[in-house]
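Below is one structure; the comments refer to it alone.
Below, chain A is the first sequence line, B the second, and so on; all start at residue 1. Worth knowing before you read on, the calculation uses all heavy atoms, side chains too, and leaves out hydrogens, waters and symmetry mates.
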Amino acid sequence: MPELPEVEILARHLRPLLRGQTIRRVLVRREKVLRPTPLRRFQKTLTGATFTGLTRRGKYLLFKLKTRTAAQPVTLLGHLGMTGRMFVAPRTGSLPKHAAVVFELGRKRFVYEDTRYFGRLTLDLTASGKLGPEPLAADFTTESFARELKRSRQAVKIKLLDQTLVAGVGNIYASEALFRARVSPRLAANRLKLDQVKRLRRAVREVLAGAIAGGSTIPLNFGAGKTDGLFYFGSVAGATDYYEERLRVYDRAGQACVRCRGPIKRIVQAARSTFYCPQCQIF
DNA sequence: CACCATGTTCCTTG
DNA sequence: CCAAGGAACATGGT
């Protein structure tokens, strides 16, 4: 699932399903995803609590709950890691193999499953406090972005993955944004010209907003365990050719660039794949 | 068997 | 303090 657009779509999907639902029982099948919250505190705090709201910050989900006992509302922090999913389903039926946490609601249940268990569901909010600006919000300005980029000699692709610089960009959309901005992923962050910074900021926003808009039109089918590759590898409904494919460079090594027809290249930066067009993206 | 994978954090070395 | 590289976490797909 998980970069900002997928998390945003998930938040919109879950929000109306969870609002007003009370947790009857908390089943934890993989204690490590709660870290660092102790199992007992997690269960004690959330049993009997009612979901009142759900927001997103970067790639994090923030569930607001009103507990039965205490006055203050509680925030539950979720992160999907690489392979996490969340869905609401009838309480009957079998759980997925890697269901990590299950909240029993009335006749439904809310399931967090995660094949690799890199994600988290926790009462510790520390991680979300270290995030940079929301890329789609007003405080992600050219000025602040340029100022932060100036502070580093690291390759700009690596900086885009730094969640304290801007929150929510992951490995796929980092390559996509750099391609649309025509900026080389290898360029040192502090060497970007102002117009490159402007194009990159705009590209980040467009790529993320476009993915939210495109993904939102495709019906979600969580729980069945099959359809979430659609965000990355599916075609746009009604697309007539590859120009309308959602991803223009990611996972397209060797394929023709949609702008210049030259081959897309794959390189490795900070142990992650980067895809780009060496012709179009100026070093 | 090999290598790859949408993420984050920790560790070491310089 | 920072940068860079590597490994760890854990499982599955090709």
> What integer distance in Å separates A:Tyr173:OH from B:dA5:P?
Replying inline: 17 Å
> Taking A:Gln281 for the side chain and A:Gln279 for the main chain, is one N or O donor matched with an acceptor at less than 3.5 Å?
Replying inline: no
>> Regarding A:Ser152, tell me which of base, sugar-phosphate or nothing describes its non-hydrogen contacts under 4.0 Å with the strands shown.
In response: sugar-phosphate
>> Quick check with a 6.0 Å cut-off and a 45 degree axis cone: is A:Arg186 positioned over the face of A:Phe283's six-membered ring?
In response: yes
> Phosphate oxygens OP1/OP2 of B:dT6: is one of them under 4.0 Å from a side-chain N or O of A:Thr83?
Replying inline: no
> Distance check: side-chain N/O of A:Lys59 vs OP1/OP2 of B:dT6, anything under 4.0 Å?
Replying inline: no
> Passes ring-ring contact (aromatic ring centres under 6.0 Å, His included), A:Phe145 versus A:Phe140? Steps please.
Replying inline: CA-CA 7 Å; A:Phe145 192 34; A:Phe140 180 50; 4.9 Å; yes
>> Please give the distance between the P atoms of C:dG6 and B:dC3 as a whole number of Å.
In response: 15 Å
>> Using a 6.0 Å distance limit plus a 45 degree cone around the ring axis, check whether A:Arg30 lies over the aromatic ring of A:Tyr117.
In response: yes
>> Ignoring hydrogens and geometry beyond distance, is a side-chain donor-acceptor pair present between A:Tyr173 and A:Glu6 at under 3.5 Å?
In response: yes
>> In this structure, how many angstroms lie between the P atom of C:dA4 and the CD1 atom of A:Ile158, rounded?
In response: 7 Å
> Roughly, in whole Å, what's the span from CZ in A:Arg186 to P in C:dA3?
Replying inline: 19 Å
> Using Watson-Crick and G-U wobble pairs whose two distances are both under 3.5 Å, how do you write the pairing of DNA chain C as dot-bracket, with | for links to another strand?
Replying inline: .||||||||.||||
>> Applying ring-ring contact (aromatic ring centres under 6.0 Å, His included) to A:Phe110 and A:Phe63, what does each step give before you reach the verdict?
In response: CA-CA 12 Å; A:Phe110 174 40; A:Phe63 301 89; 5.6 Å; yes
>> Before you tell me yes or no, could you show the steps for A:Lys159 and A:Asn190 under side-chain hydrogen bond (donor to acceptor under 3.5 Å, both in side chains), namely the whole-Å CA-CA distance, both residues' side-chain angles and the distance that decides it to 0.1 Å?
In response: CA-CA 10 Å; A:Lys159 292 311 286 184; A:Asn190 65 343; over 6 Å; no
>> For B:dG7 and A:Gln163 - does any side-chain N or O of the residue sit under 4.0 Å from the phosphate oxygens OP1/OP2?
In response: no
> Which whole-number value in Å describes the distance from A:Asp124 CG to B:dT8 P?
Replying inline: 15 Å
> Given B:dT8, B:dA5, C:dA3, which nucleotide is nearest the side-chain atoms of A:Gln154?
Replying inline: C:dA3
> For A:Leu247, does its backbone N or O pair with a side-chain atom of A:Arg252 as donor and acceptor, under 3.5 Å?
Replying inline: yes
>> Distance check needed: B:dT8 P versus A:Leu165 CG, whole Å only.
In response: 14 Å
> How close or far is atom P of B:dT6 from atom CG of A:Leu161, stated in whole angstroms?
Replying inline: 10 Å
> Reckon A:Arg272 has a side-chain N or O less than 4.0 Å from the OP1 or OP2 of B:dA5?
Replying inline: no
>> I need the CG-C1' distance between A:Asp114 and B:dT6, as an integer number of Å.
In response: 12 Å
> P atom, B:dA2 versus C:dA8: distance in rounded Å?
Replying inline: 16 Å
> The side chain of A:Arg151 lies closest to which of these nucleotides: C:dC2, B:dG7, B:dC4?
Replying inline: C:dC2
>> Rounded to whole Å, how long is the line connecting atom CZ of A:Arg57 with atom P of B:dT8?
In response: 13 Å
> What do the steps show when you test A:Thr52 against A:Lys64 for side-chain hydrogen bond (donor to acceptor under 3.5 Å, both in side chains), and what is the final call?
Replying inline: CA-CA 6 Å; A:Thr52 57; A:Lys64 269 278 184 287; over 6 Å; no
> So, A:Gln154 side chain and A:Ala189 main chain: donor-acceptor pair closer than 3.5 Å or not?
Replying inline: no
>> I need a per-nucleotide contact map over nucleotides 7-14 of chain C, read 5' to 3'. Cutoff is protein heavy atoms under 4.0 Å; write B for the base, S for backbone only, - otherwise.
In response: --BBBS--
> Rounding to the closest angstrom, what is the interatomic distance between C:dC1 and B:dC10 at atom P?
Replying inline: 15 Å
